[in-house]
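Excluded from the calculations below are hydrogen atoms, water molecules and symmetry mates; all remaining heavy atoms, backbone and side chain alike, are included.
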Amino acid sequence: MIDVGMWGSLRSTQGVSQRTTLERLLKQSGELSIHVNVGTNDIEDFAAIFDLLQNGAHRWQVFNLIAPSKNSMSVPIRQSQFCGLLNVPLPCLTSLHIGGCWVEPDGGEDLTMSAGLQVDAPNLRALSCELHLAIPRSPSRLRYLSITNVDLESLRPPVDGLPVELDQLVELRITACHVGAILSAFFTPILSKLVVNTKSEYYTVSQSTPQYLHLKELQWDDWGRDPAFSTFLPLCPNLTFFSDYVVGLEDSLPLATIDEPPTILLEISEIRQRRGEEERLWPDLKEVLLDSITCTEIAELLDAVPSIQRIRVLRNPITHLGLHEIDIVGFVQTTPPASSKLHPLIRVRTLMEPIEPGLLRNLTDSGPSSKSSSLSDINKALPPELLLWIFDLIYIEGTQPVSYPPTLEEVAERHKRHALLDVMLVCRSWHNLVVTSPRYWTGVQVGITEALPSSPKEGGTAEEMGTLRNGESQKRTLERQLERCVGLPIQVNVGADNVEDFAAIFDLLQNQARRWQVFNLLTQTRTSKSTAIGHSELLDLFNRPLHCLTSLHIGACSVKSDEDDGRSIPASLQVDAPNLRALSCEQHLAIPLAPSCLRFLSLSGVDLADLRPPVDGLRVELDQLVELRITECNPGAILSTFSTPVLSKLVINNGEPGYLAAESLPQYQLLKELQWYDVGPDPTFTTFLSRCPNLKVFADYEVGLEDKIPLEYIDAPPTILLHIRQHKGEEGRLWPSVTEVLLDAATCTEMAELVDALPSIRRLRVLRDPIPRQRRENRMNERQLLERLRERVHVAVWLEPWAHEGCSGERS
C-alpha cells in the first residue's frame, strides 16, 4: 500500500519529505504489485512524485488519484504532468480511479480543464472517472465503469476513436453527464446494469442507439419528464429490475416535495397508446423501486406490467399503517378504474422473517361501520409478523437511552410505563401479541421507577412495573421479569438507592449473568443510600464470565467495607467481558480483562490511590479504545494507567487544577479531538500538549455543557494562549494540523494572536461575545479586528452555526 499526500503534513517541507518517504516505500515493496493512493490536494511537487510513481507503473495493481474537492488545491496539476503519468504500459493494473482534481493547461491559463487520456491497461476491470476521462485501449476487459461530471465535448485533448468497444462491461454508472453522449461513446453489448443519476431534461439519446438486450437492472433517477429516459425505455426489453432512484442514496431524496406520479408510469401509458394495449412492455420485469406512488398508481402500474412481483415505495402510501415494503400480488376492484377507489390486496414482507401465504386476508371495498370492525379488518389484513415488526420500531424507540453514561432520572422516566402500553390498550389481540412476545420484556428493572417523585400506576400493577420497595416483592417481581424473557439477552437497570435486599437481588441477577447485554448500576447521589452495598457483594456480582455484555455502567453507589467499620470505600473490580464496547465508572473502577474490545470509556470521580483492593502499578491495555472521558479525576494518573494507542477523542473536565504532571506520557499520534476544561495553568495539560501532534479539534471546555460555564467570571486569557506565549518561537511544533478551536472566552486580540501562532486554524468559536465586555473606547477597535479576523477564518460566537464554507479568505 503506497499512500502519498493522504494525511496533509506541513506544506513548507511536504515536497521533500513526501519524495523521501515514497522512495523508501517503493524500495521496501521490492518488485511486488502495489496499491497506490495519491491525495492531490496535499502534493506540492507533482513532477518529482509523478516521476517516481511512473517508474514503478508496471507494478500498479490499484491506482487511486483522489481529490476531496475540485477547487481546494493551492497548486494545480499541469496537463502534461497529468496525462504523462498514465501514458505508460500498465500491465498489472486492475482498478483505476481518477478524481476531480484541478488540472490546468500547459499554456499557463488560470482555469480548470477536463483532461482526456488513453490508458494501456489490458487487465483493467474497474474504472471510475470524475471530471476527466480515461479511455481503455482495446481489447478491453473492463467490467465496471463509473463516469461523473464528464463533458465529452470539453475534454482536452479531444477524445478520438469513439465509440469505444467495451465488450465485457456489465455495469455502467453515469452521474451529472450527458446521458446520450455517454451511451453513444461506449459500445456495451452485454451491459447488465445501468445507473443514471443526472438531471437530463435537455439531454437526448440518439435514435440509433442499439438495443440493450442483456440489460437486467436499470436505476434512473426520476427528475420528471426526460427525453433521454423516454427514448431509452424501449431499448431494454428484457429488464427484470427497475428503480426511479439510485439505490443507496435514499436519504438524500426530497420525498416530502414529490407531488407528481412516477415518470415511469407516464411513459408506460404513452408507450401503450402508441403500440396498442395488446403489447406488453418488459414482460420479465419482477421488481420495481419507486420514490413515491399512491396505491391507485400501483394498481395502474400492475395493470400495465402484470409480471411485477415486488414493489418498494420509499414514501409510505399507507401512512397510518407504516408499511415499508409492499409485495403486490393482486387487487380487489369494486368500482370502475376512473373512480380511483382501489384497495391493494397486499402481502408485507418484514425485515425479520418471511410471511406464510396463508396469513394473507382479502380487503373489501366496504367501509368500516365501527371502531371494532375497523380493527377487525386491520387484524385480518395484517399478519402477526407485520404487527410485530411495527411494534419493534416503537419498542426500540421507547427504550433507547437518552444519553450515555445514563442517569437514574432518565432511565426512570423512560421506564415509568411500558414502551408498548398504548399498543396493548388498542385491542385484546394486540395486547396478547405483546404480552406473549418475550422480546418486549427483555428490559429488567429493579428499584428504578421508585426514583420518580410519585410512581405512576398507568404502566400496569406495581409488581409488574417493579415499584414495590419491599425486599421480597422486588425479588418476586424480578423472578417474573427474568422468566418472561426466557433465554434472550437482557438489559438490566438497577437503582441502587431503592434496593433493600442486595443479597437476594444480586443472587438472582448473577445467575443470569450470561444473558446480560446491558447492565446499569445507577444512583441519584453518592450519599443518598440508607443501606450500602457490601464490598464482597459488589465484587461477587461481576465475578462471572459476561460474554454477551456490550455496555456497562457502574454509578457512584455507596459501598461499605467488609470490616464493619462503617467506612464507604471506592471499589475496584475486574470484569471478564470480551465483547464490552462501552464502559462508564463513577467513583468505582471496573477493569476489563485483556484482550479488550472496549471503544468508549468514561471515568468520573475515580481516585486510583484509594481503590480497594489496591491497583498499584496497574497497567491496562485498551488497544481499541477511541474515546476517553475523564471527569474529576487525576488525568495524569489515568493516562499513565491506560494504554490507548488508537485514541481519537479525549475529554477532560476537572473543576480545579493542582494535579502533578504525569511522569511519562506516550505520544498520541492518532488523537484528533481534545476537549480540556480550562481552569487555569495545569501541569498535566502543559505536558500533554506536545503529545498530540496531529490534533484537528481543540476546545477549552466540554462540548455540550456550555450552559454550565460561568462565563461572566472569566477574566484571564485562555490557558492554551499562555502556553504558546511561554514557548514563543516553538509554535510550529504544536498542532500543525489543527483546523478548529473552541474557546470559552477570549478577546479579539487574543484570538488574532492564536490564529497567528496556529495558522492552520480554519474555524474559531468563542462562547462569550468578545465585544460587549470591552470598554466603550475599545469596542470600535475590537469590532474592526473581529471583521479582519473573519476574513481569515470562520468565527462563531456562542452556539451560532458556522459561516458558509465558501466565504472569502484563503481558508475557505
Side-chain angles (χ1 to χ4, degrees), residues 398-419 442-456 459 465-469 471 474-475 477-478 481-482 490-506 508-510 512-513 515-535 537-542 546 549-560 568-571 573 575 577 580-590 600-606 629 631-632:
T399 55
Q400 286 297 308
V402 178
S403 61
Y404 191 87
T407 65
L408 179 60
E409 292 76 9
E410 290 177 350
V411 173
E413 186 65 30
R414 270 291 171 107
H415 294 90
K416 68 180 181 181
R417 64 200 303 268
H418 195 280
T442 56
V444 176
Q445 324 300 329
V446 182
I448 294 298
T449 53
E450 292 91 333
L452 295 169
S454 58
S455 299
M465 298 308 297
T467 58
L468 295 182
R469 298 183 59 86
Q474 281 187 339
K475 181 179 178 180
T477 301
L478 178 57
Q481 292 182 47
L482 293 172
I490 55 178
Q491 297 80 44
V492 182
N493 294 305
V494 179
D497 297 334
N498 303 307
V499 177
E500 293 183 352
D501 189 349
F502 284 107
I505 296 300
F506 281 8
L508 285 173
L509 291 174
Q510 194 179 43
Q512 303 296 324
R515 297 167 53 198
W516 297 354
Q517 187 177 39
V518 175
F519 193 101
N520 297 320
L521 187 61
L522 303 158
T523 183
Q524 287 178 310
T525 64
R526 298 180 184 179
T527 59
S528 63
K529 276 194 55 57
S530 57
T531 303
I533 305 173
H535 187 208
E537 290 177 331
L538 182 63
L539 298 183
D540 291 342
L541 176 63
F542 295 97
L546 308 172
L549 190 66
T550 60
S551 176
L552 172 63
H553 170 72
I554 299 179
C557 50
S558 178
V559 176
K560 64 181 179 180
S568 179
I569 61 172
L573 54 146
V575 291
L580 189 64
R581 296 297 189 272
L583 172 62
S584 170
C585 301
E586 298 176 359
Q587 187 177 337
H588 313 288
L589 178 62
F600 175 93
L601 175 61
S602 174
L603 302 176
S604 178
V606 176
R629 292 178 173 264
T631 305
E632 301 301 334

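- With rounding to the nearest 0.5 angstrom, the NZ atom of Lys560 is 12.5 Å from the CG atom of Leu538.
- To the nearest 0.5 Å, the span separating NE2 on His535 from NE2 on His588 amounts to 9.0 Å.
- Residues that satisfy the side chain to side chain contact (heavy atoms under 4.5 Å, CB included) test with Ala419, not counting sequence neighbours, are Tyr395, Thr399.
- The two residues Val575 and Phe542 make their nearest non-hydrogen contact at CG1-CB, 4.1 Å.
- With sequence neighbours excluded, the residues that form a side chain to side chain donor-acceptor pair (under 3.5 Å) with Ser584 are His553.
- The nearest pair of heavy atoms linking Glu537 to Phe502 is OE1-CB, 3.8 Å.
- For Trp516 (side chain) and Leu552 (main-chain N/O), no donor-acceptor pair under 3.5 Å exists by modelled atom type.
- Separating the CG atom in Leu583 from the CG atom in Leu603 is a distance of 7.0 Å, to the nearest 0.5 Å.
- By the 4.5 Å heavy-atom criterion applied to side chains, Leu508 and Lys475 are counted as neighbours.
- Closest non-hydrogen pair, Leu521 versus Ala496, comes out as CD1-CB, 4.3 Å.
- Taking CG of Asp540 as the reference point, atom CD of Gln510 lies at 6.0 Å (rounded to 0.5 Å).
- In terms of the side chain to side chain donor-acceptor pair (under 3.5 Å) criterion, residue partners of Asn520 (sequence neighbours excluded) are, by chain and number, Asn493.
- When side chains are defined from C-beta on, Phe519 counts as touching Leu549, because their heavy atoms get closer than 4.5 Å.
- In this structure Arg515 satisfies the salt bridge (charged side-chain N to carboxylate O under 4.0 Å, His left out) test with no other residue, sequence neighbours excluded.
- Once rounded to the nearest 0.5 Å, the distance linking CG of Leu541 with CD1 of Ile533 reads 8.0 Å.
- For the residue pair Ala590 and Cys585, the shortest heavy atom distance occurs at N-SG, 3.4 Å.
- The backbone N or O of Gln481 sits nowhere less than 3.5 Å from a side-chain atom of Gln445 that would complete a donor-acceptor pair.
- For Gln491, the side chain to side chain contact (heavy atoms under 4.5 Å, CB included) partners two or more places apart in sequence, or in a different chain, are Thr442, Gln517, Val518.
- Leu509 is listed as a side-chain neighbour of Leu478, based on a closest heavy-atom distance under 4.5 Å.
- Gly495 and Ile448 make their closest contact through N-CD1, 3.4 Å (heavy atoms, listed as atom of the first residue, atom of the second, distance).
- Taking 4.5 Å as the limit, some side-chain heavy atom of Leu482 sits within range of a side-chain heavy atom of Ile490.
- In plain terms, the two heavy atoms of Val559 and Gly534 that are nearest each other are CG1-C, 4.3 Å.
- Expressed to the nearest 0.5 Å, how far SG of Cys557 lies from CD of Gln587 amounts to 7.5 Å.
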